[in-house]
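In what follows, a single structure is set out as C-alpha cells and then discussed.
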Amino acid sequence: MVETTERVLAEQQLKASQALTQLYADRIQLALSAGAIIGTWVWDLQADEFTVDEAFARSFGLDPALGRVGLSLEQVIATVHPEDRQGLIAAINEVIARGGAYAHQYRVRRTDGKYYWIEANGRVDLAPDGTPLSFPGVLIDVEDRRAVEAERDRAIMMLRTLTDTLEQRVAERTSELMRTEDALRQSQKMEAVGQLTGGVAHDFNNLLTIIRSSVDFLRRPDLPEARKARYLDAVSDTVDRAAKLTGQLLAFARRQALKPEVFHVGQKVRGIADMLDTVIGARVRVVAEVPDEPCFIRADVSQFETALVNMAVNARDAMDGEGTLTLRLASGRTMPAIRGHAGAETAFAAVSLTDTGAGISEADLGRLFEPFFTTKEVGKGTGLGLSQVFGFAKQSGGNVDVTSAPGQGATFTLYLPQVAVERGLDEADDAPAPLSPLGAGQRVLVVEDNVEVGQFATQILQDLGYETVWAANAEAALERLGRDGGGFEVVFSDVVMPGMGGLALAQELARRLPDLPVLLTSGYSHVLAQEGTHGFELLHKPYSADQLGRVLSRVVGRPAPAPAD
C-alpha cells in the first residue's frame with residue numbers, strides 16, 4: 001500500500017515536471033517565433049560539451065548537426081566582435097566561479113556577415129561542493145533596443161548640452177532683443193523728428209530773421225533809446241525761444257534706456273504742445289486744454305514725449321497740414337475695455353489728441369497699432385509710430401484708444417495709471433532769480449576751442465569782475481595750470497573739444513588739483529547724455545551773462561567733486 005502510494009506520488013511529480021518542462025518549451029518556442037530569442041544553449045561544464053539548438057546554429061552560420069553534437073567554446077567566441085571578446089571571456093569566467101545568474105551583452109557576427117547586439121542570459125548550476133555542473137541559457141536579440149537606447153542617450157546628451165548653454169543663449173538673446181528694441185525706439189524717434197524737420201527749419205529761420213533784423217537796426221547810431229531797448233528785448237526773447245526749442249528737440253531725440261519716473265503730466269503736455277505749435281506747421285493750430293489741478297503718472301518721460309509727437313504727426317498728416325489739433329488732459333478717469341483688453345476702475349490720466357482731419361475708415365481702425373501698418377504713401381511713413389504708442393502704453397500699465405469716423409476727424413486717447421504725490425512736489429519755483437553777483441578779481445581759466453566763443457566768454461567774465469586767461473584746448477589748459485594750479489581759482493571749460501574733452505579735463509583736474517573747482521558748459525554732448533556730469537556743475541548753452549555770473553559765483557564758493565576711482 002505504501003509502495004503504491006509512493007509510486008503514484010512519483011508519477012504525479014513526473015507528470016508535473018513534464019508539464020512544466022513543456023510549458024517552458026512552449027514559451028521558448030513562442031519567443032523564438034516572435035523573434036525575441038534567437039537561440040538556446042546548454043554547456044555541460046563537466047564534459048565541456050557546448051550544444052546549441054537549430055535557431056542558434058542558423059543565426060551564426062553553424063552546422064545544426066555540429067551544434068547538436070557539440071561545439072567548442074572557441075568556435076562560438078570566434079563569431080564575437082574582437083572588441084567584445086575579452087569582456088565576454090571575463091564575464092563567463094566570473095559566473096562559472098561564483099555560480100548563479102548570468103547576463104551579458106556583446107556583438108556577434110551573424111550569417112549576413114554583419115555584427116549585431118545580443119544579450120546572453122543563463123545560469124550556472126553548482127554541485128553542493130561548489131563544482132560547476134551546467135550552464136544553460138538563451139540568446140536575445142537586443143539590436144533594436146540598443147538602437148533605441150543609443151538614440152535616447154543622444155537625446156539626453158543633447159538636452160544636457162542645451163540645458164548647459166540655455167542660460168548663455170537666453171542672455172545673448174535677451175541682449176540682442178534689447179539692442180533691437182533700443183534701435184526700434186530710436187528709429188521711431190528719428191522718424192518723428194524727420195517728420196518735423198521742415199517745421200524746425202522754418203521756425204529757426206523765422207527766429208534768425210528776427211535776430212538779424214534787430215542787430216541791423218541796433219547798429220544804427222541814430223536809433224532812439226526806446227527802439228534800441230525794444231530790439232534788444234526782441235533779440236533776448238528770440239534767443240530764449242531758440243534755446244527752448246533746441247532743448248525740447250534734444251530731450252525728445254535723446255538715446256537712453258527706459259527709465260520710469262514720476263512726473264507732472266500736465267506740464268509735459270503743455271511743453272509738447274508748445275513745441276508742436278512751433279514745429280508742426282503754421283497752418284495747424286495747436287490747442288492745449290490742461291486742468292489746473294496736478295496730475296502725476298509714473299512712466300518713461302522720453303517715451304511719453306515720443307508717443308505724443310507720434311500721434312501729433314499722424315494727426316497733422318490726416319489734416320493734410322491744415323486744421324486744429326487739440327491736446328487734452330483729464331485726470332481720475334477709469335480705463336474702458338479697449339480692443340479686447342480688459343478695462344480698469346482705478347484712476348488713470350487720459351491724454352487725448354483730437355484732429356480735424358479726414359477721419360479713419362472702419363476697416364483701418366482695427367489695424368492702426370500693428371507694426372508697419374500705414375495708410376500713407378510709399379516713402380512717407382514706416383508704420384512704426386502708432387505701434388510705439390501702443391507698446392509704450394501697455395508697458396506702462398495702460399492702453400491707447402481711438403475713435404473716428406470718415407470726415408469727422410479722429411481722437412487718440414492715451415490711458416496711463418495715475419499716481420498720488422504729496423503736496424508740494426508739483427509746485428514750481430516761480431520766485432524771480434536774484435541779480436547776478438559780480439566777481440572780485442578771481443582768476444578764471446577759460447577753455448574753449450572756438451575762437452569767437454572763447455573771446456566772447458572772456459569778455460563777459462571781465463565785465464562781471466573776473467580776471468581771465470583763455471586756453472584753446474584741454475592740453476594747453478593743463479600746461480597752463482601746472483602742478484599748483486597757476487594761481488587760478490576756477491576753470492570754465494567747454495565739453496566738446498578736439499582731443500581731450502572738457503569732462504575728461506575736469507576729471508583729470510579732480511585728481512591733480514582737487515581743490516580747484518571746474519564749471520562745464522555745452523550745447524549738447526553725447527558723452528554727457530550717456531555718462532552724466534560726474535558731479536561737476538554744467539551750464540547749458542546758450543547762456544546769458546547773468547546766468548554765467550550766478551553759476552560761477554556758486555561754483556567758486558564750493559569744493560570740487562572727489563576724483564573718480
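Every value quoted in this text rests on a predicted model; they were computed, and no experiment measured them.
For the pair T458 and Y466, the minimum side-chain heavy-atom distance is 4.5 Å or more. For the pair R328/T354, a side-chain contact is recorded, criterion being any heavy-atom separation below 4.5 Å from C-beta on. T403 has its side chain out of reach of F412: every pair of non-hydrogen atoms, C-beta onward, lies at least 4.5 Å apart. Between M319 and V284, the closest side-chain pair of non-hydrogen atoms falls below 4.5 Å.
The existence of a salt bridge linking E261 and R298 is excluded, since no basic side-chain nitrogen approaches an acidic carboxylate oxygen closer than 4.0 Å. Between R550 and D546, at least one side-chain N (NZ, or NE/NH1/NH2) sits under 4.0 Å from a carboxylate O, which counts as a salt bridge.
Heavy-atom neighbours of D292 CG from other residues, nucleotides or ligands within 6.0 Å: at or below the threshold of 12. For E345, the CD atom sits in a loose shell: 12 or fewer heavy atoms of surrounding residues, nucleotides or ligands are nearer than 6.0 Å. Shown here is N450, whose CG atom has more than 12 heavy atoms of other residues, nucleotides or ligands within 6.0 Å.
Side-chain atoms of Q442 come within 3.5 Å of backbone N or O of A440 as a donor-acceptor pair.
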Residues 477-497, side-chain donor-acceptor partners within the protein, below 3.5 Å, at least two apart:
residue, atom, partner, partner atom, Å
D484, OD1, G486, N, 3.1
E489, OE2, R443, N, 3.4
D494, OD1, K541, NZ, 3.4

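For D355, there are no side chain to side chain donor-acceptor pair (under 3.5 Å) partners, not counting sequence neighbours. Residues forming a side chain to side chain donor-acceptor pair (under 3.5 Å) with R512 (at least two apart in sequence, or on another chain): E508.
T468 and Q462 form a side-chain donor-acceptor contact under 3.5 Å, judged by distance and modelled atom types alone.
The aromatic rings of Y415 and F348 stand perpendicular to each other, their planes meeting at an angle above 60°, with 30° marking the opposite boundary.
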